[in-house]
Amino acid sequence: MVNIEIDGKQVSVPKGCTILDGARENGVYIPHFCYHKKLSIAANCRMCLVQVEKAPKPLPACATPVMDGMKIYTNSEQANTAQKGVMEFLLINHPLDCPICDQGGECQLQDLAVGYGASGSRYQEAKRVVENKNLGPLISTDMTRCIHCTRCVRFGQEIAGIMELGMAGRGEHAEILSFVGKTIDSELSGNVIDLCPVGALVSKPFRYSARTWELSRRKSISPHCGLGSNLVVQVKQNQVMRVLPRDNEEINECWLSDKDRFAYEGLNSEDRLTQPMIKRDGHWVACDWQQALEFAANGLNGAKQKYSAQAIGALASPHSTMEELYLLQKLMRAIGSGNIDHRLRQSDFRADTQLQGIPWLGTDIADISVLKSVLVIGSTLRKDHPLIAQRLRQAAKDGMQLNVVNPIDDDLLTNVANKTIVAPHGLAMALAEILKAAIEIKGAERTAELNQMIEAVGVLNTTNIAIASSLIDNEPSAIYLGNLAQHHPDYSSIHLLAGAIAQITGASFGFLGEAANNVGAYLVGATPTFSALSTSQLSGLNAAQMLGASDQGNEKCQAFILMNVEPEYDAYNSQQALKTIKSAEFVVSMSAYKGNATDYTDVLLPIAPFTETSGTYINTEGRVQSFNGVATPMGETRPAWKVIRVLANMLKLEGFDHDTPEQVRAEIFKDGSDIGNHLNNDLKSFDIQINENHAESIQRIGEVPIYRADPIVRRAESLQMTHDAAAPRAWMSSELLQRLDINAGDNVSVKQGDGTVQLEAACDEKLPANSVRIACAHPNTIALGAMFGEISVEKL
Amino acid sequence: MKEYPLTLLNGVDSSNPDNWRLRSYEAREGYAALKKILSKRITPEEIIEEVKKSALRGRGGAGFPTGLKWSFMPKNYDGDKYIVCNSDEGEPGTFKDRDIMHFNPHLLIEGMIIAAYAMGVKAGYNYIHGEIWATYERMEEAVDEARAAGYLGDNILGSSFSFNLYNHHGYGAYICGEETALLESIEGKKGQPRFKPPFPANYGLYGKPTTINNTETFASVPWLIRNGGEAYLNLGKPNNGGTKIFSVSGHVNKPGNYEIPMGTPFAELLELAGGMRGGRKLKGCIPGGSSMPVLPGDIMMEADMDYDSIAKAGSMLGSGAVIIMDDTTCMVRALERLAYFYFEESCGQCTPCREGTGWLYRIVNRIEHGKGRPEDLDLLDNIADNIQGRTICALGDAAAMPVRAMIQHFRDEFTYHIEHKKCMV
Amino acid sequence: MLSTESLEKIDREIAKYPVEQKQSAVMSALAIAQTEKGWLANETMDFVAEYLGMQPIAVYEVATFYNMYNLEPVGKYKLTVCTNLPCALSGGNEAAAYLKQKLGIGFNQTTSDGQFTLQEGECMGACGDSPVLLVNNTRMCSFMSNEMIDEMLEELRK
Ligand SMILES: Cc1cc2nc3c(=O)[nH]c(=O)nc-3n(C[C@H](O)[C@H](O)[C@H](O)COP(=O)(O)O)c2cc1C
Ligand code: SF4
Ligand code: FES
């Protein structure tokens, strides 16, 4: 700490901090534009000029380090003249038409001009006009307003990891743009809208739809990924108009992914289900809640009587709230069925009975920033976890070594220390190699259990040795399993191996949670086998079994309750899932959307999305975040917790008399239990077989595209126009293309199981041999089957 | 005519096409200073001491003491360090570095090698002004010659000292003469100056400790090592050691480069340059390149050509570019052209310079075109005041100072333009 | 995209800088590309970006920052006349006016036969030789009186 004087006040501030930071900590505001706490210092706007004793000229507070004994005047005549002078310069070429500017009311320039601007303009010359740019569907430009602070450029270079915007030209001709004709495709692009202190970069979907003072701002939590980003949701006349980040250093910092920011458009979709509907004699009719719920209760009762309670299954989206999931499992178990699951995209459940606790991140999210080595296994990291990727990027800048084991060599826009790119079926073997290397480096005791895991390993490859030593030599280190690993057909082995590597290397170990509430779903027992706080221990079928994946006839369900689930998009094997659901006797769907549900359900119950209900998400680090609804439910929509409660009442089940979600919450946490006690990634040991598995056949790598992951985002129109939402293609290496005698751009027929689709072939050298990357969760590919497995590709 | 001692252009014969070559350079004591250092095992500290003693001041514009600058380079630093020669010479009126490189390239190379030795540096870059392609090619050839002869590369002349030198070609941006813009430019970016601190001595090229000197500064080193710092100092005046090349342009009979000792009267320099063209009267002179304040002829005729004397006269010696204007010159037009230059060359990074230079230019342009207003002169002065000292780099000052000096010294002429909507000359 | 000869030249420039600093060669790479192609089309900049492992926009920033890059096609000969103050004091403007008259074009225009483009330049560091002009960024012509300009144009037209 050093002692300085600001405006006559003695204060002590951290050594080496800037005048601006020091002043800020002591409640002294210094005007600024280019400075941003998360970006490098540019010192280009010059708005923060202050007087420093003994300095011959005013100094930029944002860039000048404090020195012991420094006397700073932020309000002296010298400082004021300098600041006013800069404000005048900023305004001479800036349009003064705030009333028609989208930033009006939340513009830093407008705000500061009031305090630091002159009343009349001495500038009598022509104003500069700058051409607008098309940056894509999310960001709209009004470039004449730009004040050249370069925050947007620095954001790309430093935070998003890719420079998509630059400042071309020089002097007065300097302008912010993307490379000729290119759009901004970063999954974090929307943050530049917040960063832009003026109205030069504004939200395209929001543009001209409301003035800021008409909006009420309400707190919420993002439902889209495991991070649980904190949101401000802005509402006008009961409609969500815009979503902004709410600062939380421990989670999303001041950022939002584009998915979190723009998915709200899906809330206002035409496809919203606003009235209960039932299928009567093959015809869909709208009805009231009483009728619909009776219909549902009768259907379920009928199925129970005809088959048994165990023939009924419930599939719930992991994006549902904890309260909804809790009540749903309670209802199921009260009916007498343990068939409940939220893991629709998981395919390998062998480890289910070996779980020691709830799979979670294994550390706090914020801890990622201080890691020195990381191994990410099976993850489309940037797209599945945009802000975790961002944290890793910043950590890598500070010297963290990023190691990757993945089937796809996607550009992570950061330094990758070591990477092993293997076809999906080689993933477990690669991990076994890393494990063996770690054992050898550490000289660890080879227990029978470890020996079993590494017995098939042959000669170690140097990359895998390097990964093992990276984890061992750099503390703290961590291992994370991504979505792809969790969906993988050999997930259990991957889980076991990764855990063993963590144990040997001393790394922490965890999962990058796929959905908003995986941890919450486990906690409240929305799984057939594992339960922490569920009411009964009754176990049952997992998602794959319910959907008939095992082909053992009687294992699948005859009746379903779906909660926020679109099986064709949300299941591991869409082909199989649809077939089973369609052939089921009775299907109740609770959903915010109509979608294709009329094709395969019998009753549709409109339930509220996260903005229209109160609820709780537990994010991937195990943080409990409750939120309130920000708007009243649309049409006849009801919160799902209420719907389940009434349905349970109709089914005459005991213990469903909650009047508020708070009561549900109180029931879940009845002993004030600390959920930390339930978080545990360990497995009881079990037999696995790791083989050198040479699949000669062509294998699919199917992953969920970023904007297809949940029902809301699938309906967000602007996101659907982005590059990331482009229609799936059959991606493969040039070698495979050649072998199949296909040219990139050709139409091909892709066959998997009973399904065939036509796609365009495309070349991607970042893929391993014999692998074709074909996205799932898209209308064009739902006819295919499992996300992984054998497929055939033929030229048309 | 008087004979002046030469440290830079000694033995240079621009009419002889081979005079620049290594062999010719060696014949005029070339590389003797380097050989002396290596054979006598003179230590880096001793060299820096010698340079300090010589009172050699940077020839690039700011006149910063070179020995002192060299002593800022961190010692015992493991990792790369760099020296960079600033041959970007874009300051209007200046063309001395071109001639040093074109006609005496090995002098610069030797100077840089010695500097590298003194600062423990293994690699250097010479950033050459974009428009002088032939000179760049010659420098490339000269560097090849020096490398082939063992003056550059590993284990120079059999010693344990290694140094490599590379030429980097500019492509037309005045701002790259500013030392941190120049570093950015070498790094393959736009030439936008960096905010200082950190200074290049700590965070320079590729983030490594770096010393930047002007071409002429480096080229002054071999002589002063051969003859000693004291001898160099004695060529000039205390605090203003040695000789310097002045580039004389404008209304003189023989524009060109003239090397004279520091402290030589301006009148002598004018005489060397053949006197005023057509015997006309000296109206004004910019003594240090276009960024420096103009001085009226009578003040100039009394001044001596060294840093301190010119500062006392109210301007700056800058890069030593002497722009001579006779009494036919319209000062409004002169200023308009300069204001346009700074407007065009502003890098656009910081607000006062980006916005202010255009404003200044437009007002002067208006006055020149008979559309001036009575309040314009005070407005110009105030805008210049709002730019000066508020920018990231000194280009802002360079744009502001000429405006203020022109209005200060030739206010009547500007007023006449505004009132009569035409020129008085 | 670029000839092997140009690529060799670029490789020589890359070798001047530390291995991890390839980007340092972007200015010369663009200059070399421009010499081969006459101007810098988007594809050319894209290619240079790829070759040096840079983002295209970063290359574009450089190409638009420095004066001597041609972002649009120019004539076979680009003539740049210095009109900065020192030159203006010694005939720079007159030389520019004479060129305009002889070529029948203004600044930033190209003759209809595609032979000449005329540009106004800033200080070329040759103020003592005024009037000066630069042909295709590389050849500096000094003391350009009207007669010398005539001679030069004739020589270039051949
Ligand atoms: C706008 C601007 C342009 C400059 N141009 C040059 C130049 O062309 N050549 C030069 O040597 N120094 C130039 N300088 C000065 C350099 O920044 C730096 O001070 C100098 O190269 C240091 O070398 P010296 O100490 O040997 O003078 C310029 C400075 C500014 C602000
Ligand atoms: S003063 Fe001008 S040239 Fe210097 S950094 Fe600022 S904008 Fe760029
Ligand atoms: S905030 Fe300091 S210069 Fe912009």
Side-chain angles (χ1 to χ4, degrees), chain B residues 80 88-98 123 125 129-135 137 164 166-174 176 185-192 206 247-251 254-257 277 286 290 321 323-326 329 333-334 337-338 340-341 344-345 347-348, chain C residues 12-18 20-32 34 52 54 58-69 80 82-90 92-93 119-130 132-140 142-143:
Chain B
D80 298 330
D88 194 37
E89 198 166 57
E91 175 82 352
T94 323
F95 45 96
K96 62 187 175 73
D97 298 338
R98 177 194 64 168
Y125 291 92
H129 191 216
E131 282 87 345
I132 50 172
W133 178 253
T135 304
E137 289 197 310
N164 264 305
Y166 308 97
N167 295 302
H168 182 105
H169 192 249
Y171 229 61
Y174 166 66
C176 289
S185 186
I186 298 183
E187 291 182 6
K189 305 178 199 152
K190 291 179 293 185
Q192 287 191 333
Y206 306 127
S247 305
V248 185
S249 65
H251 295 143
K254 289 196 305 177
N257 285 319
R277 202 194 292 163
I286 307 180
S290 70
I323 305 171
I324 304 286
M325 291 174 278
D326 68 18
T329 315
R333 252 186 103 180
R337 187 60 185 83
L338 287 183
Y340 179 74
F341 172 69
E344 275 296 308
E345 297 295 334
C347 86
Chain C
R12 264 204 298 282
E13 294 297 325
I14 292 174
K16 289 180 177 178
Y17 309 95
E20 71 282 12
Q21 302 292 350
K22 257 176 148 178
Q23 175 168 356
S24 284
V26 65
M27 288 174 69
S28 37
L30 286 172
I32 292 162
Q34 174 164 302
L52 297 176
M54 294 170 68
V59 173
Y60 191 71
E61 279 192 340
V62 169
T64 54
F65 189 86
Y66 299 91
N67 276 345
M68 290 158 67
Y69 295 113
T80 315
C82 177
T83 60
N84 205 308
L85 180 62
C87 274
L89 295 172
S90 298
N93 288 326
Q119 283 188 349
E120 184 172 31
E122 291 301 348
C123 183
M124 298 178 180
C127 327
D129 306 347
S130 158
V132 287
L133 64 82
L134 196 58
V135 183
N136 282 348
N137 292 342
T138 49
R139 177 175 152 198
M140 173 95 73
S142 306
F143 304 109

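Keep in mind that what you see is a predicted model, and the values were worked out from it rather than measured.
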**Study point:** Residue part contacting chain B, namely of Asn93(C), when any heavy atom lies under 4.5 Å
**Key:** side chain
Review point. Taking the six-membered ring for Trp, are the ring centroids of His168(B) and Tyr166(B) within less than 6.0 Å of each other?
Key: no
Point to revise | Best-contacting candidate, Gly130(B), Ala123(B), Gly256(B), against chain C by heavy atom pairs under 4.5 angstrom | key: Gly130(B)
**Study point:** Most chain B-contacting option - heavy-atom pairs closer than 4.5 Å, from Pro86(C), Cys82(C), Ser90(C), Gly121(C)
**Key:** Pro86(C)
Review point. Of the listed residues (Ser130(C), Gly128(C), Ala63(C)), which shares the most heavy-atom pairs with chain B below a 4.5 Å separation?
Key: Gly128(C)
Study note, to complete from the structure: Rounding to 0.5 Å, atoms CD (Glu187(B)) and CD (Gln21(C)) come to a distance of 6.5 Å
Review point. Quick one: what part of Thr83(C) sits under 4.5 Å from any heavy atom of chain B, side chain, backbone, both or neither?
Key: both
Study note, to complete from the structure: Turns out that what part of Leu85(C) lies under 4.5 Å from chain B's heavy atoms comes down to both
Check your understanding: Side chain, backbone, both or neither: which part of Glu13(C) has a heavy atom under 4.5 Å from chain B?
Key -> side chain
Review point. To the nearest 0.5 Å, what is the distance between CD (Glu131(B)) and OG1 (Thr138(C))?
Key: 11.5 Å
Review point. Measuring heavy-atom distances to chain C, does Ile324(B) have an atom under 4.5 Å in its side chain, in its backbone, in both, or in neither?
Key: backbone
**Study point:** Part of Ser28(C) lying under 4.5 Å from any heavy atom of chain B
**Key:** neither
Point to revise | Top contributor to chain B interface from Ala25(C), Cys87(C), Cys127(C) [non-hydrogen pairs under 4.5 Å] | key: Cys127(C)
Exercise for review: Would you check, one step at a time, whether the test side chain to side chain donor-acceptor pair (under 3.5 Å) holds for Ser185(B) with Tyr171(B)?
Suggested key: CA-CA 10 Å; Ser185(B) 186; Tyr171(B) 229 61; over 6 Å; no
**Study point:** Contacting moiety of Met124(C), where chain B heavy atoms sit under 4.5 Å
**Key:** both
**Study point:** Pairwise distance CD1(Ile132(B)) to CE(Met140(C)) - rounded to 0.5 angstrom
**Key:** 7.0 Å
Practice item. Against chain C, work out which of Glu344(B), Arg333(B), Arg277(B), His169(B) has the most heavy-atom pairs shorter than 4.5 Å and name it. Key: Arg277(B)
**Study point:** Most contacts with chain C, counted as non-hydrogen pairs under 4.5 angstrom, among Pro92(B), Cys347(B), Pro255(B)
**Key:** Pro92(B)
Review point. Can you find a heavy atom in the side chain of Gln34(C) that is under 4.5 Å from one in the side chain of Tyr69(C)?
Key: yes
Review point. Which atoms of Ala58(C) come close to chain B, meaning under 4.5 Å heavy atom to heavy atom: side chain ones, backbone ones, both, or neither?
Key: neither
Exercise for review: Could you check which of Ile323(B), Ile186(B), Thr94(B) has the highest count of heavy-atom pairs closer than 4.5 Å to chain C?
Suggested key: Ile186(B)
Point to revise | Short N-O contact, Glu91(B) and Lys96(B), less than 4.0 angstrom | key: no
Check your understanding: Quick one: what part of Ala31(C) sits under 4.5 Å from any heavy atom of chain B, side chain, backbone, both or neither?
Key -> both
**Study point:** Ser247(B) portion near chain C, given a 4.5 angstrom heavy-atom threshold
**Key:** neither
Review point. Heavy atoms, side chains only, cut-off 4.5 Å: are Leu52(C) and Val59(C) in contact?
Key: no
Revision key, fill the gap. NE2 of His129(B) to CD of Glu89(B), rounded to nearest 0.5 Å, is 7.5 Å
Exercise for review: May I ask you to check whether Tyr125(B) and Tyr17(C) place their ring centers less than 6.0 Å from one another?
Suggested key: yes
Check your understanding: Are any non-hydrogen side-chain atoms of Leu89(C) and Ser249(B) less than 4.5 angstrom apart?
Key -> no
